Amino acid sequence: MKHALKKITLASSLAIAALTSQSAQAEGRLTIYCTVQNQACEDVAQRFSQKYDVKTSFIQASTGTVLGKLKAEKDNPQADVWYGGTIEPHFQAGELGLLEAYRPKNQANILPQFKNLMSSSKGEYTSATYMLVLGIGVNTEKLAKLGLPMPKTWDDLLDPKLSGEIQLPDPRSSGTTFTAMATFISLMGEEKAFEYLKKLDQNISQYPKSNLVTTNLTRGEITESIGFIHAYTTEKEKGAPIEYVIPEGKVGYALGGTSIIKNARNLENAKLFADFVLSKEIQEMPWRDHKLYQIPVTVDAQASEKSPEPKKLDLIEFDFDKFGSSEEGKRLIDKWLNDVKLANKLTK
């Protein structure tokens, strides 16, 4: 009996030791789902790793792809934190119970226009991390060949001369087009917004992934696109014949989010990372070191002179409760698929 008891005690001790060892190992790791440009993903992971002596890895994926992964991995999360991507899908993930509650230390220093949003219950699970402005990207060489002037309004994209000359990403995988849909609904109401999207579809050549839209615009495969203007600024700086237009009227925009994944294996490191990305250093890193002109959202961080100042923009007052709802997000994307993309395919 004593011999058997010793075996049980030894087995228990070994099990505790194994768990302690796993815990100690976990404290030195962090896995990020990253929805910003690859060079920014790599840089932020390296800086965090060096600062906190944490073995850090990242998987880059689009906003819709990450949200899908969080749903699929709910019972066995494969990452600890989600960095980047438009904020509405983050809010949807929080609503679905896929996120861990945590308010980063510097969240209190968010820009005044976003304070109410961050002080709400949504800010308990997701923190705004950067800002993107929605606009029209233009290949000026292609536009000149078509004999068209620079667009000034969203309606200018409906010109029949632009047939097959416009692209925007598929909203099933891209947060960019969901932001565009939310913008049009906020400006026009849902019925008129979908009428607009149906008309716009007549000029759309295809709905590829987000990164391919800007690439195709730069190559001259299309004349115009809808997207976030920071990407167009970067391409122009590289020498491409690209300009951007912020259409007249109230301005559409997106906030990029950072969220900790529910049941993260490396929770304390995830909290450190959520703090880290709101630091002045990381807020300014994309534009200072990589010519990626996303706009910082904390009052202590400086934006590039090549970015518009948020306080000078007449921003749309988005209903984040509506567009941040998982049910509403699914409904709108399904409606776009059925009423715009598939419906127009049948009639073309």
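Here the structure is a predicted model, which means the values were calculated and not measured.
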Exercise for the section: Report the relative orientation of the aromatic rings in F48 and Y52; use parallel for angles under 30°, tilted for 30 to 60°, perpendicular for over 60°. Expected result: tilted
Handout entry: E100 and K271 ion-paired at < 4.0 Å
Key = no
Exercise for the section: Evaluate salt bridge (Lys or Arg N to Asp or Glu O under 4.0 Å) for E327 paired with R331, printing each intermediate quantity in order. Expected result: CA-CA 6 Å; E327 184 177 335; R331 183 186 74 81; over 6 Å; no
Exercise for the section: Give a yes-or-no answer on whether the side chains of T65 and S62 include a donor-acceptor pair shorter than 3.5 Å. Expected result: yes
Practice task
Using modelled atom types only, decide if a donor and an acceptor are shared between the side chain of K115 and the backbone of A108 within a distance under 3.5 Å.
Solution key: yes
Practice task
Sequence neighbours left out, what pairs pass ring pair (Phe, Tyr, Trp, His ring centres under 6.0 Å) with at least one residue falling in residues 111-154?
Solution key: F114-Y253, W154-F184
Handout entry: Option among F276, Y33, F273 that satisfies the ring-ring contact (aromatic ring centres under 6.0 Å, His included) test with Y83
Key = F273
Exercise for the section: Kindly indicate, with the supporting measurements, whether the criterion salt bridge (Lys or Arg N to Asp or Glu O under 4.0 Å) is fulfilled by D314 and K250. Expected result: CA-CA 5 Å; D314 185 13; K250 285 191 172 289; 2.9 Å; yes
Exercise for the section: Working to the nearest 0.5 Å, report the span between CG of N263 and CZ of R265. Expected result: 10.5 Å
Problem - D289 and R47 ion-paired at < 4.0 Å - result: yes
Completion exercise
Separation between CZ (R103) and OG (S119), nearest 0.5 Å, reads 7.0 Å
Problem - Residue pair N266 / D80, side-chain donor-acceptor N/O under 3.5 Å - result: yes
Problem - Side chain to side chain, V133 and H230, heavy atoms closer than 4.5 Å - result: no
Exercise for the section: Return yes if some donor-acceptor pair links the side-chain N/O of E124 with the main-chain N/O of Y102 below 3.5 Å, else return no. Expected result: no
Practice task
Report yes if some heavy atom in the side chain of L134 is under 4.5 Å from a heavy atom in the side chain of I226; otherwise report no.
Solution key: yes
Exercise for the section: Determine whether I222 and Y244 fall in the same hydrophobic cluster, where Ile, Leu, Val, Met, Phe, Trp and Tyr are linked whenever their side-chain heavy atoms lie under 4.5 Å apart. Expected result: yes
Problem - salt bridge (Lys or Arg N to Asp or Glu O under 4.0 Å) assessment of D159 paired with K161 - result: CA-CA 5 Å; D159 191 315; K161 290 183 180 179; 5.9 Å; no
Practice task
Keeping the roles fixed (side chain from Q60, backbone from V36), state whether a donor-acceptor pair exists under 3.5 Å.
Solution key: yes
Exercise for the section: Would you check if K341 and D170 make a side-chain contact, meaning some heavy-atom pair closer than 4.5 Å? Expected result: yes
Handout entry: Closest approach of I136 to T153 (non-hydrogen atoms, all atoms of both residues)
Key = CD1-O, 4.0 Å
Exercise for the section: Verify, without hydrogens or angle tests, whether H90 (side chain) and G84 (backbone) share a donor-acceptor contact under 3.5 angstrom. Expected result: yes
Problem - Inter-residue atom distance I242.CD1 - T140.OG1, 0.5 Å rounding - result: 7.0 Å
Practice task
State plainly whether one hydrophobic cluster holds both W287 and L292, where clusters connect Ile, Leu, Val, Met, Phe, Trp and Tyr through side-chain heavy atoms under 4.5 angstrom apart.
Solution key: no
Problem - Donor-acceptor contact present, side-chain T179 to main-chain G175, <3.5 Å - result: yes
Problem - Single-linkage hydrophobic cluster L96~L70, side-chain heavy atoms < 4.5 angstrom - result: yes
Problem - T183 side, atom OG1; M188 side, atom CE - distance, nearest 0.5 Å - result: 9.5 Å
Practice task
With rounding to the nearest 0.5 Å, note down the distance linking CE in M181 to CZ in F323.
Solution key: 8.5 Å
Problem - Side chains of Q92 and S326, donor plus acceptor under 3.5 Å - result: no
Problem - Cluster link V138 to L158, ILVMFWY, side chain under 4.5 Å - result: yes
Problem - Residue among Y207, F178, F194 satisfying ring-ring contact (aromatic ring centres under 6.0 Å, His included) with W336 - result: Y207
Exercise for the section: Report whether L168 and I246 are members of the same hydrophobic cluster (ILVMFWY, side-chain heavy atoms less than 4.5 Å apart, transitive linking). Expected result: yes
Exercise for the section: Indicate yes or no: does K199 engage E195 in a salt bridge with an N to O separation below 4.0 Å. Expected result: no
Exercise for the section: Please confirm whether the backbone N or O of I282 pairs with a side-chain atom of E284, one donor and one acceptor, at under 3.5 Å? Expected result: no
Problem - Residues E235, K238: salt bridge by 4.0 Å N-O rule - result: yes
Handout entry: Main-chain N/O of P160 paired with S163 side-chain donor or acceptor, under 3.5 Å
Key = no
Exercise for the section: May I ask you to check whether T129 and T258 show a side-chain donor-acceptor distance below 3.5 Å? Expected result: yes
